[in-house]
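Whatever order the structure lists ligands and atoms in, that order sets their numbers, starting from 1.
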Amino acid sequence: MFSGQHLLSVQNLNLEAINELFTVAEVMRPYAKREKMTRVLEGAVLGNMFFEPSTRTRVSFGSAFNLLGGEVRETTGLSNSALAKGESLYDTAQVLSGYSDIIVMRHPQPFSVQEFAEGSRVPVINGGDGPNEHPSQALLDLFTISNELARIGQTMQQLSLTFLGDLKNGRTVHSLCYLLALFPNIRIQLVSPEALALPQKYVDLLSNAGHQIEIGSNLEKGISQANIIYQTRIQEERFESEQEANRYKGYFRLNKKIYSDHCLPNAVIMHPLPRDSRNDANELDNDLNKEPGFAIFRQTDNGVLVRMALFACILNVHKQISDSDRSVNWQVGLKPK
Ligand code: NCD
C-alpha cells in the first residue's frame, strides 16, 4: 500500500496496511538501538524540507533515513528557500524531486504539502501542513498506544483515551482521529477549553465509527477513566494574537499529584511534544518524569522506528533490510559506572 506512494494524509489507510507497517517498524528496533546496522538505502537521498519550527519530526526523519544508510539534504525556514522569492510550490517540487529519492515536507499552510506533491516526481511525506494533518505522528502515536496498552496488559479493545488541550488546532490529534475511526468501540474523552474544542468533522468521524464520546472542560473528570491520556500544547502560532493564546496557556496542567489523585493506576501519559515547560504553561510537570506511565520519550523513540518503516515501505526495500546487515563496532550508549 505504501510502495511508491505519497503519504499526505492518513485518511486512505486501512488497518491491514498499518499492521504491516508496524511489523516492519518492529524489525527496525535493533537498527535503531545500534545493535546492528543496515545499508539498505545506501546512495538514496532524502530532501528534508521544514518550513515551520521542528526538532523531533525533522531530526527523527533524518536519523531514520541515515540509519537505513541514506543521505539527508535539509532545507529549513521559508526565508532560506526560493519560495521567499515567489516560486510556486509546484516549481519547487519539480526542482527538488530531481535531487531526491523521497521528500519530507512541513509547511504552515493547510494542504500546501498536497499542492507540493502534485509537482513532485518522487514520493512526498507530509511532515505537518498547518493545523490540518500530521500523518507520520499519528502512525507513531497509534504504534505507541498499542505498545503501551500491551505493556500494561491491555488491548485496543479496552482503549479509553482522553485528548487534552488544544484540540482545535492540534494536527496530531486530527490525524489520530482518522486512525482511531478504524477501530470499534473506543471510549474517547475530549477535554478542552470550549473555544479550542475538536472541530465538528472529527467529532462526527468518531461518533460515526461508533465510539462513545464525552466532551467537557473539566480536567479531573476527563482523565479519571482513561488508560491513555494524550496531552497537547496550546498551538500559539495558530492564534490571531499572543494575548489570545496566553488566555489558554496553563489551562490544563498535569502533575504528579493530579495524576495520582485522579487517574487510573497504570494510566499512560502521551504528548506529541514539545511540552511547553515555561512557568505560565507547564502542561506536563517534570515531577511526572519518573512515573512508569510517562510514555512521552518512548513515544519519541518509536518515531524513529515508524519513520524507518515508512521509508523502507515507500521505497520498497522492507524485505531487504537484513541483506546488508553489519555489526556495530563503536561503543553504544553510556557505559555503566
Ligand atoms: C507537533 C506538531 O508539530 O504538530 N509536534 C510534533 O511534530 N511532534 C505538536 C506541537 O507542535 O505541539
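Between Arg171 and ligand 1, an N or O atom pair is found at a separation short of 3.5 Å. No N or O atom of Glu237 sits closer than 3.5 Å to an N or O atom of ligand 1.
When only non-hydrogen protein atoms are considered, atom 6 (C) of ligand 1 lies nearest to Leu273 O, 3.5 Å. Among all non-hydrogen protein atoms, the one lying nearest atom 11 (O) of ligand 1 is Arg233 NH2, 2.9 Å. Considering only non-hydrogen protein atoms, atom 8 (N) of ligand 1 sits nearest to Pro272 O, 2.9 Å.
For ligand 1, the atoms lying closer than 4.0 Å to a non-hydrogen atom of Gln235 are 10 (C), 12 (O). Taking every non-hydrogen atom of Thr57 and a distance limit under 4.0 Å, the qualifying atoms of ligand 1 come out as 6 (C), 7 (O), 8 (N). The distance from ligand 1 to the heavy atoms of Thr172 drops below 4.0 Å at these ligand atoms: 1 (C), 4 (O).
Side chains of Glu133 and Ser175: a donor-acceptor N/O pair is present below 3.5 angstrom, by distance only. Side-chain atoms of Tyr248 and Ser192 form no donor-acceptor pair, as typed in the model, at a separation below 3.5 Å. Thr23 and Glu20 form no side-chain donor-acceptor contact under 3.5 Å, judged by distance and modelled atom types alone. A donor-acceptor contact closer than 3.5 angstrom links the side chains of Gln299 and Asp141.
The closest approach between any non-hydrogen atom of Glu52 and ligand 1 is not below 4.0 Å. Remark: distances from the non-hydrogen atoms of Gly170 to ligand 1 are all 4.0 Å or more.
Neither the backbone nor the side chain of Gln231 comes within 4.0 Å of ligand 1, counting heavy atoms alone.
Look at Lys249 and Glu236 and you find a salt bridge, because one of the NZ, NE, NH1 or NH2 atoms lies within 4.0 Å of a carboxylate O, short of that distance. Between Arg247 and Glu244 no salt bridge is recorded (no basic side-chain N to carboxylate O distance below 4.0 Å).
Annotation: side-chain hydrogen bond (donor to acceptor under 3.5 Å, both in side chains) contacts of Gln200 (sequence neighbours excluded): Asp204. Evaluation of the side-chain hydrogen bond (donor to acceptor under 3.5 Å, both in side chains) rule for Arg39 yields no partner, not counting sequence neighbours.
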